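Notes for the one structure printed next.
It should be emphasised that the depicted structure is a prediction, and the values quoted were computed from it without experimental measurement. Residue numbers start at 1 and run along the sequence shown.
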Amino acid sequence: QVQLVESGGGLVQAGGSLRLSCAASGLTFSTFTMGWFRQAPGKERDFVAFIGRSGPGTVTSYLDSVKGRFTISRDNAENTVSLQMNSLKPDDTADYYCAAVLPGYGKNWKEASAYDYWGQGTQVTVSS
């Protein structure tokens, strides 16, 4: 059974930093594409970042508004994927979710529907 558990959320001032982590179990972690999504109250779940399966030239992608501020990474030895968030803004306030899927052709990794497994989320609040 696949399980994803997020941690690292909290309350920070604008301009501050947080590092989110997602611990995965029940899967061959290095072969999975991992994503981060976020959802503010009353809004849809939006793509934040993804990282492809481990190997040379691993692909990453980011929401335009977080480029240069957020960095996604993975540690296969620990079966974790992280999201380093710097220069946080109030608009970054949301519940952040980790997601996983075994890569395949025809997938759009920026769409939540592409992912098969989800964590329960961790809350990030950025005050002005």
Polar side chain donor-acceptor pair, T125 to Q123, under 3.5 angstrom: yes
Short side-chain donor-acceptor distance under 3.5 Å, S17 and N86: yes
Residue pair C98 / Y117, side-chain heavy-atom distance below 4.5 Å: no
Shared hydrophobic cluster, F50 / V2 (ILVMFWY, side-chain heavy atoms < 4.5 Å): yes
D75 CG to S30 OG distance, which is reported to the nearest 0.5 Å: 11.5 Å
Distance-minimising heavy-atom pair for T93 and A40: O-CB, 4.0 Å
Nearest atoms (heavy-atom pairs only) where S128 meets A14: CA-CB, 4.3 Å
A114 to N108 - nearest heavy-atom pair and separation: CB-O, 3.3 Å
Whether Q39 side chain and E44 backbone form a donor-acceptor pair below 3.5 Å: no
Spacing of T80 atom OG1 and E6 atom CD [to the nearest 0.5 Å]: 12.5 Å
Minimum heavy-atom distance between T28 and T31, given as atom pair plus value: O-OG1, 2.8 Å
Any donor-acceptor pair under 3.5 Å from T58 side chain to R53 backbone: yes
D64 bridged to K67 by N-O distance under 4.0 Å: yes
Y62 side chain to I72 backbone, donor-acceptor under 3.5 Å: yes
Pairwise distance OG(S21) to CG(L83) - rounded to 0.5 angstrom: 9.5 Å
Straight-line distance of F70 CZ to S82 OG, nearest 0.5 Å: 13.5 Å
NZ or CZ of R38 within 45° of Y97 ring axis and under 6.0 Å: no
Min side-chain heavy-atom separation Y96-M85 under 4.5 Å: yes
Candidate pair L20 and T122, rule side-chain contact (heavy atoms from CB on, under 4.5 Å), full reasoning: CA-CA 8 Å; L20 306 183; T122 185; 4.0 Å; yes
From OG1 (T60) to CE (M34), nearest 0.5 Å: 14.5 Å
Transitive ILVMFWY side-chain link V81 to L102, under 4.5 Å: yes
Any D46 side-chain heavy atom under 4.5 Å of L63 side chain: no
Short side-chain to backbone donor-acceptor contact, R74 and F29, under 3.5 Å: yes
Test item: T33 and Y115 side chains (from C-beta on) under 4.5 Å apart, heavy atoms: yes
4.5 Å side-chain heavy-atom contact, W118 and R45: yes
Closest approach of Q13 to S127 (non-hydrogen atoms, all atoms of both residues): NE2-OG, 3.0 Å
Close side-chain approach of V124 and L18, heavy atoms under 4.5 Å: yes
Shared hydrophobic cluster, V59 / W109 (ILVMFWY, side-chain heavy atoms < 4.5 Å): yes
Shortest non-hydrogen contact from K110 toward S61: CE-OG, 3.2 Å
